[in-house]
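Inspection log for the structure reproduced underneath, given as structure tokens.
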Amino acid sequence: MNYPEFKQPLNYGQVGTDILAWWKQNGIFEKSVSTREGQPTFVFYEGPPSANGAPGIHHVMARTVKDIFCRYQTLLGKQVHRKGGWDTHGLPIELQVEKELGITKEDIGKKISIADYNQRCRETVMRFKAQWDDLTEKMGYWVDLDDPYITFEPEYIESCWALLKKLYDKGLLYKGYTIQPYSPAAGTGLSSHELNQPGTYRDVKDTTVVAQFRVKRDEKSEMLFDNVSLDEVPLAQLYGDDNAEPEVFILAWTTTPWTLPANTALAVGPKIPYALVRTFNPYTYAPIRVVLAEALVSRYFSEKGKDASFEDFKPGDKVLPWHLEGSFKGSDLVGINYERLFDFVPFEGQERAFRVIPGDFVTTEDGTGIVHISPTFGADDFRVAQQNDIPALMVLDDEGKLGPIVDRTGRYVKQMGEFGGRWVKNYDGHDESGADYKTLDESIVIKMKGDGTAFKVEKYEHTYPHCWRTDKPVLYYPLDSWFIKTTAVKDRLIELNKTINWKPESTGTGRFGNWLENLVDWNLSRSRYWGTPLPIWRTQDGTEEICIGSIEQMKQEIDKAVAAKVMTHNPYANGEKVDLHRPYVDDIFLVSPGGEPMYRETDLIDVWFDSGAMPYAQWHYPIENGEKFKQNFPADFIAEGVDQTRGWFFTLHALAVMLEDSVAFKNVMANGLVLDKNGNKMSKRLGNAVDPFATISQFGPDATRWYMIANAQPWDNLKFDLAGITEVQRRFFGTLFNTYSFYALYANLDGFQAREFDRTPHAELGELDRWILSKLQSLILEVRGHYDAYDPTKAARAIQDFVTDQLSNWHVRLSRRRFWKGELTQDKRAAYETLQECLVTVSQLMSPIAPFFAEWLYKNMTDGMRAEAITNNTPFAPESVHLTLLVQADEARIDKALEERMELAQRISSLTHSLRKKSVLKVRQPLQRILVPVLNDTTRAQVGLVEDLICAEVNVKHVEFLDDTSGVLVKSVKPNFKRLGQQYGPKLKVVGARIQQMTADEISTLEKTGQLTVNIDGETYTLAPDDVEIRTDDLPGWLVATDGPLTVALDVTLTDELRQEGVARELVNRLQNLRKDSGLEVQDKIRVTLGQQPELQAAVLSFGDYIRTEVQALALDFAADVNGGSVLEFDDYSVPVQLSVAKG
RNA sequence: GGGCUUGUAGCUCAGGUGGUUAGAGCGCUACACUGAUAAUGUAGAGGUCCCUGGUUCGAGUCCAGGCAGGCCCA
């Protein structure tokens, strides 16, 4: 047996495990890399997963995408190394350990030593490694698991240090501050995780104020002044001076009045409309004009006061008269200068501050639509201030350091005049019960009321975060942080990003591009324990510091420190193993050039630095392996979830640009999410998570992968439905399996073994074979194109369509008779060769997506020719499809005309089936002819070439063409709107209507003379043949079916001969069923005896040979009494039958 | 709130540069076909192409504004 045969249905899960075992035994993955030694490389970076949780089905998705392109490039002959990696640091691991130990961050270093704690983290982080490795294998993801990079290893951390030092030496690493949640009572910063603890957000009642910021009149703000409505004479009188104009104020609301002295800017929404309103201050009754969002005017001004008399207004009146004087877009207001509200402390940045700036976070939900910005007390404020070059208001403390106007205990600094030393909130628990007690906020607004800078003061209840330990309100406060100055290379980041091929493109230009446009410096600091420590040591006063770039350098510095008696001894003096984690690095003290001791800055760095450093650190570069690094940088391809856009994708890009002035990757695919079948996020809690292991073992890895890729583009979210896998399995894999089984069954019967080169010359092949081979070449071109463009979905769909619709359902179906009959003729040989070529090529094309099944198919198809191939070193010499070189399309074999006429054959067949159905004539009943109207010779010739195929498919004797000369064609005409529209524009309607009314004579004139002049409403139009589409969709007296320009009529006349042939076919069908039911093998010969029945006997008389050949009967007789056999059921009668196997 | 993205049949998805009658598969119904077939064929039912405006002779497609879902960021 040349080709293995399998029982239906195939167990696809078993195929997966069998092939996997075979791969392992034969080291196929290793060979897929080693056999490409010396070839051009395709560099792939594995984004390291974290093994502290079990893998989910979405990991199958992400890794399938990675695998596809690595395998594809291997098929193209490139060498693709795939070093695996593990991401091992970070907050999720720490939180998991805290949870398991039942401790909080506060307990670390107290209840548990940092050393023990980090040891726990180290053990926890690889907990699910075995499961991950298992999934990797079972899903067929080829990645090198034997030598992965692990981010907690000393070499890896050392590389990170070396890179940090490079950045430091370039001046890109600096200490600054960010605004973070801070608990003054506890004296500590709070992580967002701590802030998300239940109960931290509580309702509080605060004193709020709408503050008035006085606009400076200058060129920029002139528009707010020059459109005073001068016709309102009484106003001028009211101010007592014809030239006097009320001052203009910008209104801004705050729930934290104590931040107002730190105000340095006001933010408006660029697209928001704003209003200029004339009115009075409700506390001082001074005439004023104010700016606020148009949408919020009604919140501050009553309907009653609208355009009310300004003359009649008296101090003390409840209703403020107001008048709308102008409106502006936020963008018009940007750049306006205003006066500082409080000036307790000197401020050097004066001239750059106190400006109106745009802010993307501004809304008209509450307040005034204008946001007060104090860069030292709000994260948004800080960011937007930085982007607009607005300085923060800082004061010098006793030690000469700059700081905010609030100290770390939560009090105003003493320079704050009458408010100096006061608590911003009640952080010390002082007594608030006195009748005269005023909070700082209250004191401030009272002062503002007097100054005429408060427009509205009210108590307001809102939710505000509180420290989970002290129950005191959180302060957003500037805290020290180390930064990488990514803004310094912003332009280069943007420029190089434009050279990256993003899939989908919008993620690169939109999500990532916009992020780069609004870049702020990368905050590296994390106050945690399990991670890469910041390698910076500083003196107490911060004037001297050193950045360590290697273990060697650290040891040398330690020696210096020992010499200077800063350290007692060098713990690594005798070659002890170095652990660069805390607490060990914290116990190292260095000495400054000035002789001062230096202490390590206690921060860890952002784990994203770890993963972004992977192109370098995976090789322990730049400490060593410079050559290896060069060969593997940058990556040709990476792929991760779209959620990595500002994570891994960014850190890779940022580090590559800063360190190498290069991109880190040339092609990147950002894949979407895997949702449940209802479009909801999968989660263990909801119980809708799909278990990848169960899925793979039930459906096999190939159907799972194929479904995920074929169903939706990888960058779209996938609604994961197991029913979809079943469908893929049945429709695609089932069909492909059946096609193979069919081939194997008959090839084995004939003892046929395909050979690589001894084949029927292409020119000698029949239409059907040349057609499918032409389609196959087209498919190769198409699929290669899709893979090259990183579009695996289109590749999968094209392969699927070819296999099910073209190969199985047309080529094989129409070729069946060629396989059934007799000897191994030249035509039969050609049929085998053609099918063999299609199947092997499909196995190659599909192998990146369905690696196991493709392997199964390839091996079944080619194992029999392997020995010869190896001897001659020909394309099928490799034992695995994944070691082959992807076949090139032979474009000489693409015959578009042939593909077109086969499509005509398919459509005509379909129409004929439809007509049979309408006439209730089963396909088994032969009919004389079908009629096909043709209006040009090309179509006629095309259809003529496939006439035999059509006849066989729809069981008619011939195709008859009807042309103009037949005189029976009825033509109709349809306007060609595209052409007519371009030509006639608005007149298309009347022209189109006129065309649809064309008479047969007019059509004929147009056809013969090439033009037709028509008159519509007195205007003359000359029509050309291209302006219309002429078709014949009616044949009087015939039942017709049409499909676009194609029309088919069926001659339903039945002659006696046709009837008899129909009966003969029925008989064949019954006998074949009987053979099958009796369990006979395909090649068994039989003898048949039938009961006497006139119609059958007549049919056998005429078609005996045909029947005997079909059912492989040596004898076919009638007898009066047939007993003990079966009964054949026909439409109107039953006939007993006796069937026996003919020996010999 | 911002950026990006998705919205077409019960479900999953196609629908270059606008062209009048919007398709496929699955599912459903009916009939047929079947010596490779858990396949296949034919027919039927099933659509406010998310909504509202606009541009145009003509909009699923282009523009503007919304609505709803998703991701990331605040």
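Numbered from 1 within each chain, the chains take letters A, B, ... in sequence-line order. All values reported here derive from a predicted model rather than from experimental measurement.
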Between [X] and [Y], is there a side-chain N and carboxylate O pair less than 4.0 Å apart?
X	Y	answer
R813(A)	E953(A)	yes
D805(A)	R731(A)	yes
D676(A)	K719(A)	no

Quiz item: What string of B, S and - do you get for nucleotides 68-74 of chain B 5' to 3' if you count protein non-hydrogen atoms under 4.0 Å?
Solution: --BBSSS

Under 4.0 Å between any heavy atoms, over every strand shown, what does [X] touch: base, sugar-phosphate, or nothing? Just pick one.
X	answer
Y746(A)	sugar-phosphate
N518(A)	nothing
V812(A)	base
K922(A)	sugar-phosphate
E727(A)	sugar-phosphate
G981(A)	base
T507(A)	nothing

Considering Watson-Crick and G-U wobble pairs with both distances under 3.5 Å, what does [N] pair with?
N	answer
rC71(B)	rG3(B)
rG16(B)	none
rC26(B)	rG10(B)
rA59(B)	none
rG47(B)	none
rG41(B)	rC31(B)

Take atom [atom1] in [N] and the same atom in [M], then report the distance between them in whole Å.
N	M	atom1	value
rC13(B)	rU6(B)	C1'	13 Å
rA32(B)	rG70(B)	C1'	45 Å
rC57(B)	rC72(B)	P	46 Å
rA68(B)	rC51(B)	C1'	10 Å
rC62(B)	rC49(B)	P	16 Å
rA22(B)	rU48(B)	C1'	14 Å
rG60(B)	rA30(B)	P	36 Å
rG44(B)	rG53(B)	C1'	38 Å

Quiz item: Are F853(A) and F737(A) near enough that their ring centres are under 6.0 Å apart?
Solution: no

Quiz prompt | F720(A)-H58(A) aromatic ring centre distance below 6.0 Å | solution =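 Ring centres of H58(A) and F720(A) not closer than 6.0 Å.
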
Quick one: [X] [atom1] to [N] [atom2], roughly how many Å, whole number?
X	N	atom1	atom2	result
L736(A)	rA39(B)	CG	P	16 Å
R1065(A)	rA32(B)	CZ	P	18 Å
L814(A)	rU37(B)	CG	C1'	15 Å
Q387(A)	rG3(B)	CD	P	14 Å
N711(A)	rC13(B)	CG	P	5 Å
R731(A)	rA38(B)	CZ	P	14 Å
W502(A)	rC4(B)	CH2	P	15 Å
L807(A)	rA36(B)	CG	C1'	12 Å

Quiz item: Closest to the N809(A) side chain: rU12(B), rU42(B), rU40(B)?
Solution: rU40(B)

Quiz item: With distance as the sole criterion, is a donor-acceptor pair present between the side chains of Q729(A) and W706(A) under 3.5 Å?
Solution: no

Any side-chain N or O of [X] under 4.0 Å from OP1/OP2 of [N]?
X	N	answer
S741(A)	rA36(B)	no
Y740(A)	rA36(B)	no
K719(A)	rC11(B)	no
S914(A)	rA43(B)	yes

Quiz item: Between F819(A) and F742(A), what is the ring plane arrangement, given parallel below 30°, perpendicular above 60°, and tilted in between?
Solution: perpendicular

Self-check item: Parallel, tilted or perpendicular: rings of F512(A) and W502(A) (30°, 60°)
Solution: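 W502(A) vs F512(A) ring planes: tilted.
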
Quiz item: Toward the 5' end of RNA chain B, which comes first, G510(A) or L1074(A), by nearest nucleotide?
Solution: G510(A)

Quiz item: So which one's nearest nucleotide on RNA chain B is more toward 5', R797(A) or R730(A)?
Solution: R797(A)

Practice problem: Go through the N and O atoms of the side chain of S808(A) and the base of rA36(B), and report whether any donor-acceptor pair is under 3.5 Å. | Solution: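 Such a pair exists between side chain and base.
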
Quiz item: Is the shortest heavy-atom distance from the side chain of F752(A) to the side chain of N2(A) under 4.5 Å?
Solution: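 Counting from C-beta outward, F752(A) and N2(A) never come under 4.5 Å.
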
Quiz item: Any chance NZ of K794(A) has more than 12 other-residue heavy atoms, nucleotides or ligands included, within less than 6.0 Å?
Solution: no

